[in-house]
Asker: 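I have a structure here, written as structure tokens, and I will follow up with some questions on it.
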Amino acid sequence: MRSATSQKSHLAPAVSSGDLRKIAKRNETLTGYAFLMPAILVLGFILLIPFVQACILSFYDKPIGGEASYVGLHNYVATLTDPKFATAVGNTVVFVVFSIAFKIVIGMSVALALTAEFPGRGLARVAVLIPWALPEISAILSWVWMLDGNVGALNSILRKLGLVTTNIYFLSDRDWALPTVTAINIWRGFPFFTLTLLAALQTVDGKLYEAAELDGANAWHKFWYITLPSIMPVLLVTTLLSTIWTTNSFTTIFVLTGGGPSDITTTVPIYTYDEAFKGYGNLGRAASVAVITLPFIIAMIVFLMRVMRKREEME
Amino acid sequence: MARTSQSWGLRTLKIGFMSLVGLSVAFPVYWMVITSFKPNSEIYQRNPTFYPQAPTLDAYVALMTPHGTRAPFVATMGNSLIAAVGSTLVSVIIGIFAAYALTRLRFRGREAFSGLIFGCYVFPGILMFIPIYLMFQWLGILDTFFGLIISYQIFGIPFATWMLRSYFATIPASLEDSARIDGCNRLQSIIYVTLPLAAPGIAAATIFTFTAAWNEFLFAQVLLQKPQYQTAQVALYSLLNGDSVAWNQLMGGSVLVSLPVIVLFFAAQRYIGSGLTAGAVK
């Protein structure tokens with residue numbers, strides 16, 4: 001404001017153009033904050049307060065219906081020394097690594113196949129998104145039913161094809177449960193990769209392929225030296241997004257196995273839910289799990305935002 | 001891209017792979033639908049029939065009839081609708097203003113706010129379900145649609161804002177400037193110029209926010225515990241954990257829950273590439 005008044009003395013008119021610009025600018029700033037205010041307020045209420053509360057809660061013993069009592073670092077010690085937590089972390093790593101690897105490979109293969117011209121391509125491009133578009137609960141229930149160990153369709157099909165003689169209990173067999181849960185997560189998640197990679201593939205300059213063909217490149221060369229580098233930024237962003245969401249995916253496993261049999265499919269989100277609502281039901285313990293998870297999630301988000309900012313600068 | 005030099009083996013592999021993918025996509029949907037039309041007697045055979053021998057609407061009739069004191073399943077779909085419509089309205093209206101500020105107005109901290117909204121969009125809100133549960137208990141808004149609608153803003157607002165932001169960016173600001181030269185104030189120029197032009201983007205944001213809210217499970221499971229408030233998603237899950245699982249009803253319920261989403265999805269599919277993945281693909 002001081003510079004505005006000093007400017008005024010130099011210029012004859014009562015309101016200078018500089019003043020007007022400043023008023024307009026201040027107006028714009030105020031409007032900007034005013035327009036953002038509802039979003040910030042609601043998100044602050046629903047995200048920031050709980051965030052702080054989770055941190056505080058993690059130092060308390062708090063049964064669902066009961067009073068909270070301060071226990072210091074006890075929840076953290078209990079969580080970090082709980083063999084079930086170690087199992088959950090291990091399961092989460094296996095679940096996420098295999099899910100993401102297969103989502104990338106299958107998502108990309110399908111995207112590449114759908115760039116080729118063939119009749120019905122438009123329909124195929126939409127239809128392939130169905131696993132991802134269906135409500136999670138409906139899609140998963142359909143799998144629970146198909147994978148049923150006694151009367152499930154899949155067992156019947158496998159028997160008819162002569163691939164098995166005795167039924168497989170996909171969701172309750174110790175050897176099958178985790179691979180099955182992972183496979184269904186891949187089934188639900190690969191279309192997201194197909195979707196983003198299809199869009200990215202359309203931006204690849206066709207002339208590059210023509211030039212490469214003149215130089216005698218084969219299909220693999222073209223993929224490795226042209227396609228992959230061109231879609232790399234999108235692939236990286238999609239992979240990061242999917243990693244964050246897969247790490248925290250809850251409903252799929254919760255409905256399929258609930259974490260069983262004997263914790264073989266318990267991932268960190270399932271473990272958190274169990275700590276909060278099963279048995280003794282200690283919300284403080286569950287909060288400590290969330291707080292332990294947070295730095296990893298936030299690190300991934302920050303890394304993702306860096307990657308995206310870099311891309312925006314490049315464009 | 002199709003090349004004559006492609007080997008026969010590779011093409012067979014490709015076709016085989018795509019057939020398998022196609023089958024994995026179509027079969028669960030097919031199985032869901034035909035199971036819902038099977039009578040009870042046909043469901044529990046060791047070798048299931050691959051199309052219903054005696055198609056019946058029994059399952060759907062059961063889903064529409066109350067069980068004792070329990071409301072019929074279709075009533076829980078009403079609850080889902082209230083939660084999804086309510087939260088979508090809040091998300092989209094708040095999102096329009098936020099997205100407008102982030103694309104049209106220049107002010108200090110704009111980039112930081114953009115980053116914040118994106119961070120919230122990516123942030124897995126389920127990490128917060130315990131403190132939200134406690135906060136709602138303390139505020140006395142557990143078992144209310146109001147509470148559930150507020151909790152859905154954790155993904156609704158960032159999602160709507162982020163989608164709308166990318167759409168607003170495609171509308172030239174000069175149009176609004178000329179309206180303002182003609183004497184419109186900021187709000188008028190938004191209402192008469194920007195919003196009509198952004199209508200397709202707003203429609204897409206509405207559809208996808210609605211879908212996300214409609215499909216939500218964990219918050220609905222935790223925050224609404226009284227049966228009369230159960231959403232359809234939670235009701236389906238409790239059907240699964242009932243004493244005897246009536247799979248034709250469960251699949252019928254799954255079909256009913258999927259229908260609105262699939263209809264909206266096909267209606268909005270041309271925006272999917274541009275809008276939903278705007279964050280990832282730009």
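Computed from heavy atoms alone, side chains included, the values below leave out hydrogens, waters and symmetry copies. Residue numbers begin at 1 in each chain, while the letters A, B, ... track the order of the sequences.
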Asker: Looking at CD1 of Ile64(A) and CD1 of Ile130(B), how far apart are the two atoms once the value is rounded to the nearest 0.5 Å?
Answerer: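 These two atoms lie 9.5 Å from each other.
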
Asker: With only heavy atoms counted, which part of Phe136(B) is less than 4.5 Å from chain A, the side chain, the backbone, both or neither?
Answerer: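 Phe136(B) touches chain A through side-chain heavy atoms alone.
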
Asker: Using side-chain heavy atoms (C-beta onward) and a distance below 4.5 Å, is Pro38(A) in contact with Phe97(B)?
Answerer: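 No, their side chains stay 4.5 Å or more apart.
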
Asker: Do you know which two heavy atoms are closest between Val25(B) and Ala127(A), and how far apart they sit?
Answerer: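 That closest heavy-atom pairing would be CG1-O, 3.4 Å.
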
Asker: Output the option from Pro260(B), Ala98(B), Ala99(B), Ala212(B) having the highest count of non-hydrogen pairs under 4.5 Å with chain A.
Answerer: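 Sorted descending by pairs with chain A, the first entry is Ala98(B).
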
Asker: For Thr293(A), is it the side chain, the backbone, both or neither that has a heavy atom under 4.5 Å from a heavy atom of chain B?
Answerer: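 The answer is the side chain of Thr293(A).
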
Asker: Which is it for Met18(B) and Leu114(A) under the side chain to side chain contact (heavy atoms under 4.5 Å, CB included) test, yes or no, and what are the steps along the way?
Answerer: CA-CA 9 Å; Met18(B) 284 309 280; Leu114(A) 291 176; 4.2 Å; yes

Asker: What's the spacing between Phe51(A) CZ and Leu127(B) CG if we round to 0.5 Å?
Answerer: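 Reported value, rounded in 0.5 Å steps: 9.5 Å.
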
Asker: If you take all heavy atoms of Met32(B) and Ser142(A), which pair is closest and at what distance?
Answerer: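 Met32(B) and Ser142(A) have their closest heavy atoms at CE-CB, 3.8 Å.
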
Asker: Are Phe277(A) and Tyr133(B) an aromatic pair, judged by ring center distance below 6.0 Å?
Answerer: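 When the ring centroids of Tyr133(B) and Phe277(A) are compared, they turn out to be within the sub-6.0 Å range.
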
Asker: Is the shortest heavy-atom distance from the side chain of Ile46(A) to the side chain of Ile132(B) under 4.5 Å?
Answerer: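 Yes - at least one pair of side-chain heavy atoms lies under 4.5 Å apart.
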
Asker: To the nearest 0.5 Å, how far apart are CG in Leu218(B) and CG in Asn248(A)?
Answerer: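 Here the rounded value is 11.0 Å.
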
Asker: Shortest non-hydrogen contact from Pro50(A) to Met135(B)?
Answerer: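 That would be CG-CE, 4.0 Å.
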
Asker: Taking the six-membered ring for Trp, are Trp247(B) and Trp145(A) parallel (under 30°), tilted (30 to 60°) or perpendicular (over 60°)?
Answerer: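 Taking Trp145(A) first and then Trp247(B), their aromatic rings lie parallel (interplane angle under 30°).
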
Asker: How close do Gly32(A) and Phe107(B) get, counting heavy atoms only, and between which atoms?
Answerer: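 That would be CA-CE2, 3.7 Å.
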
Asker: Just verifying a value: how many Å separate Leu141(A) CG and Met251(B) CE, rounded to the nearest 0.5 Å?
Answerer: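 Output value for this atom pair is 5.0 Å.
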
Asker: Would you mind checking which part of Ile190(B) comes under 4.5 Å of any heavy atom in chain A, side chain (CB onward), backbone (N, CA, C, O), both or neither?
Answerer: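 Just its side chain gets close to chain A.
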
Asker: What residue in Thr161(B), Ile43(B), Val255(B) has the most heavy-atom pairs under 4.5 Å with chain A?
Answerer: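 The option with the most such pairs is Ile43(B).
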
Asker: Taking the side chain as everything from C-beta on, heavy atoms only, tell me whether Phe217(B) gets closer than 4.5 Å to Ile140(A).
Answerer: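 Contact flag for Phe217(B)/Ile140(A) side chains = no.
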
Asker: If every non-hydrogen atom of Met305(A) is compared with every non-hydrogen atom of Gly115(B), which pair is closest and at what distance?
Answerer: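 So the minimum-distance heavy-atom pair works out to CE-O, 3.1 Å.
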
Asker: Side chain, backbone, both or neither: which part of Leu239(B) has an atom under 4.5 Å from a heavy atom of chain A?
Answerer: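 Looking at Leu239(B), nothing touches chain A.
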
Asker: Compare all side-chain heavy atoms of Asn47(B) with those of Arg159(A) and state whether any distance is below 4.5 angstrom.
Answerer: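 Yes; the side chains approach each other to less than 4.5 Å.
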
Asker: Counting heavy-atom pairs closer than 4.5 Å to chain A, which one of Arg104(B), Gln221(B), Gln137(B) comes out on top?
Answerer: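 Top option by heavy-atom pairs under 4.5 Å: Gln221(B).
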
Asker: Could you walk me through whether Met128(B) and Leu47(A) satisfy the side chain to side chain contact (heavy atoms under 4.5 Å, CB included) test, starting with their C-alpha distance in whole Å, then the side-chain angles of each, then the deciding distance to 0.1 Å, before giving a yes or no?
Answerer: CA-CA 7 Å; Met128(B) 292 292 120; Leu47(A) 212 52; 4.1 Å; yes

Asker: Would you call the rings of Phe250(A) and Phe129(B) parallel, tilted or perpendicular, taking 30° and 60° as the class edges?
Answerer: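 Tilted.
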
Asker: May I ask you to decide if Leu105(B)'s main-chain N or O and Glu28(A)'s side chain share a donor-acceptor pair within less than 3.5 Å?
Answerer: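 Checked: no pair found.
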
Asker: Can you tell me how far CD of Glu216(B) sits from OG1 of Thr251(A), rounded to the nearest 0.5 angstrom?
Answerer: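 The CD atom of Glu216(B) is 7.0 Å from OG1 of Thr251(A), to the nearest 0.5 Å.
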
Asker: Step by step, would you call Phe27(B) with Met146(A) a side chain to side chain contact (heavy atoms under 4.5 Å, CB included)?
Answerer: CA-CA 10 Å; Phe27(B) 191 74; Met146(A) 286 189 298; 3.5 Å; yes

Asker: Side-chain contact test, heavy atoms from C-beta onward, threshold under 4.5 Å: evaluate it for Ile117(B) versus Leu43(A) and give yes or no.
Answerer: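 Ile117(B) vs Leu43(A): side chains touch.
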
Asker: So, do Ile40(A) and Leu116(B) sit near enough that their side-chain heavy atoms are less than 4.5 Å apart?
Answerer: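 When only atoms from C-beta onward are counted, Leu116(B) and Ile40(A) do touch, with a gap below 4.5 Å.
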
Asker: Is any side-chain heavy atom of Val151(A) less than 4.5 Å from a side-chain heavy atom of Pro48(B)?
Answerer: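 Sidechains of Pro48(B) and Val151(A): no contact.
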
Asker: Does any backbone or side-chain atom of Leu240(B) lie under 4.5 Å from a heavy atom of chain A? Answer side chain, backbone, both or neither.
Answerer: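 Contact with chain A is through the side chain of Leu240(B) alone.
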
Asker: Answer with side chain, backbone, both or neither: which region of Gln45(B) has an atom nearer than 4.5 Å to a non-hydrogen atom of chain A?
Answerer: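 The backbone, not the side chain.
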
Asker: Looking only at heavy atoms, which two atoms of Val261(B) and Ala133(A) are closest? And how far apart?
Answerer: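 For Val261(B) and Ala133(A), the tightest heavy-atom pair comes out as CG1-O, 3.2 Å.
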
Asker: Counting only N and O atoms by type, is there a donor-acceptor contact under 3.5 Å from the side chain of Trp31(B) to the main-chain atoms of Ala153(A)?
Answerer: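 The answer is no, because no donor-acceptor pair under 3.5 Å joins these two groups.
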
Asker: With a 4.5 Å cut-off on heavy-atom pairs, point out which of Val122(B), Leu102(B), Ile94(B) contacts chain A the most.
Answerer: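 Maximum pair count with chain A is reached by Val122(B).
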
Asker: Start with the C-alpha gap between Phe17(B) and Ile106(A), add the side-chain angles, then the distance that decides, and say whether side chain to side chain contact (heavy atoms under 4.5 Å, CB included) holds.
Answerer: CA-CA 9 Å; Phe17(B) 171 75; Ile106(A) 297 175; 4.1 Å; yes

Asker: Find out whether Ile137(A) and Val234(B) are in side-chain contact, i.e. whether some heavy atom of one side chain is under 4.5 Å from a heavy atom of the other.
Answerer: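 No, too far: nothing below the 4.5 Å cut-off.
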
Asker: Return the CZ to NZ distance between Phe50(B) and Lys160(A), rounded to the nearest 0.5 Å.
Answerer: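 Between Phe50(B) CZ and Lys160(A) NZ, I get 4.5 Å after rounding to 0.5 Å.
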
